[in-house]
Amino acid sequence: MPLAFLAILLPTLFWDRPVDTADTLRKAGFERLYVPAGREQAWRKEGFAATAFDRAGAVQAVAPTVEYHMDVASATRVPWVDANGWRFEREPGRSFFYDAPAGSAALAAAEAFTYGACAAIRAAPEDLAPFARMLKFLGEIDRPRLPVRANIGVIDDGSDTMAEVLNLLARHNLLFHVIPSADPTYDLTIRNVAEAANPYEFAMKTRRDLTDEKRLLRIYGSNVVLVRLTGDTSQGRVHLLNYGKAAVKGLRVRVSGSYAHGTLTAFAHPGEALEDYSVQDGATEFTIPELGTYAVVDLVLGSK
Amino acid sequence: MAAAAPAALAATDRKVPKYRVVSHYQPAAQPGMPGPYPGQVASVHAEKCIDAATEKPDAAVVREMMARGMQALTGDADVRDAWARFITPADVVGIKVNCSGAPGIMSSPVVVAEIVRNLAAVGVKPDSIWIYERFEDQVETVHYDRYVPQGVHIWTAETRRGSAESYDPATYVETAFFDEDDTRSNLIRLVGTRFTKIINVPNMKDHGAAGVTGCLKNIAYGNFSNVARSHSGSVTNTYSFIGTLAAVEPLRSRTVLQVMDGLRGVWHGGPFSPSRKFRFYPKRMLFGTDPVAIDRLLLDIIDDKRKAEHAVSVWDRSAKYLGGDDDHRNNPNVNPFVREPGHIEYAGQLGLGVYDLAKIKVTSVEV
């Protein structure tokens with residue numbers, strides 16, 4: 001069965017090691033696997049729900065991380081974030097493959113989950129425990145997907161230049177949809193890639209054209225956290241992905257719209273609650289006391 | 001003191017960014033800055049306050065300097081009365097030190113200890129005294145705890161650089177200087193929620209971006225998050241950002257006393273001081289409530305020293321002196337930014353004090 005037709009809700013471990021590692025996976029809590037074609041029967045005999053995964057047919061995802069290019073001149077001193085959100089937006093329905101080096105599998109899982117992407121993640125053995133914990137967490141917070149919110153429409157010409165523009169929009173939390181043609185429901189439509197000779201400047205121009213006041217979601221207190229916003233007429237969900245190595249303390253989030261209350265569910269920080277919650281001037285703000293790898297904030301529209 | 005800045009050097013067409021100041025705090029009936037002594041500075045010099053060879057201060061001489069300075073500022077014969085004009089026993093006092101140049105230069109622990117001693121004499125309990133700074137890695141080299149009574153808090157906002165947890169999400173200045181993502185600079189939360197008074201203890205230092213760093217820079221950039229974003233390339237927005245931050249309530253109202261520690265100084269490379277070759281020893285302390293007036297005097301102290309060392313003026317804006325950090329660290333005629341010593345006059349225009357030298361009354365004391 002083609003992978004695209006599998007009802008896969010969560011990212012899945014890709015495991016190409018011998019079957020005699022089955023106990024290791026069991027102890028870590030894995031029950032479902034992607035394996036190289038031809039090995040699925042052997043793994044099924046060990047009790048795993050194993051499915052063959054075609055690496056060659058999948059889009060290669062980068063290992064999510066932050067790179068500090070201290071020696072590279074830049075208009076800002078912002079670190080470079082290697083993220084895949086823009087790829088998921090650009091190619092919905094495709095399968096993605098992460099070859100995740102040690103320390104990145106849990107974030108890769110959270111990233112793929114955030115975007116609802118079908119993803120196989122090849123994890124380092126030392127990452128099995130945190131990866132499994134993340135999958136358990138994602139299973140606990142999973143619920144029917146709400147529409148993705150964005151107010152920038154991008155008519156994608158498929159070029160490498162536009163790829164970099166998409167990357168930078170996502171990098172700067174400028175929420176966009178890839179759209180087939182101009183749509184007046186978006187506050188801003190991007191189409192002319194000829195202007196994007198300098199993708200960074202083009203992304204910043206996009207931000208200026210939109211204006212910060214119209215941005216659906218903003219964060220303060222970190223430059224390594226990327227967000228995604230989903231919602232409908234009664235509720236919203238903010239996904240927060242921390243690409244840095246360290247937890248972010250005191251992250252401030254501003255969401256367009258008046259939400260009566262919000263609930264924080266943070267990976268590895270059970271019981272943590274939102275702080276300094278305020279609703280003012282058509283926007284809702286709150287503080288995440290400590291953001292580890294990933295958290296979601298569920299918001300309910302309306303007055304208290 | 002030197003003459004005012006040469007007009008040709010100072011002339012510039014500065015673009016002031018649009019600032020959005022958010023604070024729910026109301027100003028005091030008489031804000032601490034410029035306070036009860038606008039345009040007045042007590043300047044105390046003591047040749048023996050520090051041994052320039054060892055950089056060891058003499059605590060007894062410093063005590064005398066501070067007593068004479070507070071008396072000269074207030075006109076009170078009793079030093080305790082002088083301090084009691086600013087501080088009551090019920091106050092919770094933040095002492096804003098400057099440790100960005102530590103361990104080479106910082107608010108001297110001897111000076112800070114003497115402030116704490118005077119606060120205690122007024123009746124402030126140790127638990128109500130907070131020596132504070134933004135960055136833990138800078139303060140921990142100074143060891144203030146060895147100089148002050150047990151119970152005095154030594155506190156930093158950022159135990160890890162960039163952490164926002166200790167800042168007030170509801171009190172900030174918002175602006176975009178260089179398309180940065182995070183456009184807010186938030187005030188340290190304790191300033192609003194805990195401190196009732198603040199004593200500002202800057203040093204006498206050159207500054208690669210601001211021209212000099214004294215009262216205004218220490219109280220502004222030293223109390224807000226995310227301020228380094230104001231510099232990029234050779235451009236710095238310190239001209240308007242420093243005064244804008246310093247004027248935010250409740251910081252402006254609660255900063256009631258300025259004690260400039262000029263036992264040591266830095267004439268190039270500031271605010272840091274990795275090398276002694278750019279340190280000097282003014283052996284002077286300045287007292288007042290007007291940060292603009294004190295910083296106006298500081299401008300000339302630093303620029304006079306630079307001239308004596310044949311270094312380019314802090315007022316010089318020509319591109320030929322711009323260079324990288326490595327060159328700047330070693331060459332007093334190289335600077336990473338076009339400096340903005342005009343930030344002091346700008347702060348004066350915001351009402352934070354008196355900039356015109358002709359209108360500043362300096363009471364000089366020799367110990």
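So that the names make sense, note that chain A is the first sequence line, chain B the second, and so on, each numbered from 1.
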Evaluate the criterion side-chain contact (heavy atoms from CB on, under 4.5 Å) for residue pair B:Glu158 and A:Lys249; output intermediate values, then yes/no. CA-CA 10 Å; B:Glu158 298 183 31; A:Lys249 293 186 175 181; over 6 Å; no
Compare all side-chain heavy atoms of B:Asp181 with those of A:Asn173 and state whether any distance is below 4.5 angstrom. no
Turns out that what part of B:Ser163 lies under 4.5 Å from chain A's heavy atoms comes down to both
Smallest heavy-atom separation, B:Asp182 atom then A:Gly221 atom, equals OD2-N, 2.6 Å
So, A:Arg218 and B:Glu174, do they make that salt bridge, N to O below 4.0 Å?
-> yes
TODO: Taking only Lys NZ, Arg NE, NH1 and NH2, and the carboxylate oxygens of Asp or Glu, determine whether B:Arg189 and A:Asp276 approach each other closer than 4.0 Å.
DONE: yes
Heavy atoms of B:Arg160 and A:Ala247 approach each other most closely as NH1-O, 3.9 Å
Rounded to the nearest 0.5 Å, the OH atom of B:Tyr172 sits from the CZ atom of A:Arg252 at a distance of 8.0 Å
Residue from A:Glu275, A:Gln280, A:Glu285 scoring the most non-hydrogen pairs under 4.5 Å with chain B is A:Glu285
Open item on the list: With heavy-atom distances below 4.5 Å as the criterion, would you say the side chains of A:His172 and B:Glu180 are in contact?
Closed with: no
Closest non-hydrogen atoms of A:Gly250 and B:Ala164, given as atom of the first, atom of the second and distance, are O-CB, 3.5 Å
Here the pair of heavy atoms bringing A:Tyr200 nearest to B:Phe178 is OH-O, 4.4 Å
Does some side-chain heavy atom of A:Tyr220 sit less than 4.5 Å from a side-chain heavy atom of B:Asn186?
no
Problem set entry | Enclosure of A:Lys214 NZ (heavy-atom neighbours >12, cutoff 6.0 Å) | no
If one checks every heavy atom of B:Thr183 against chain A at 4.5 Å, the contacting part turns out to be both
*Are the charged groups of B:Asp179 and A:Arg208 less than 4.0 angstrom apart, N to O?*
yes
When the 4.5 angstrom heavy-atom criterion is applied to A:Ser278 and chain B, the contacting part is neither
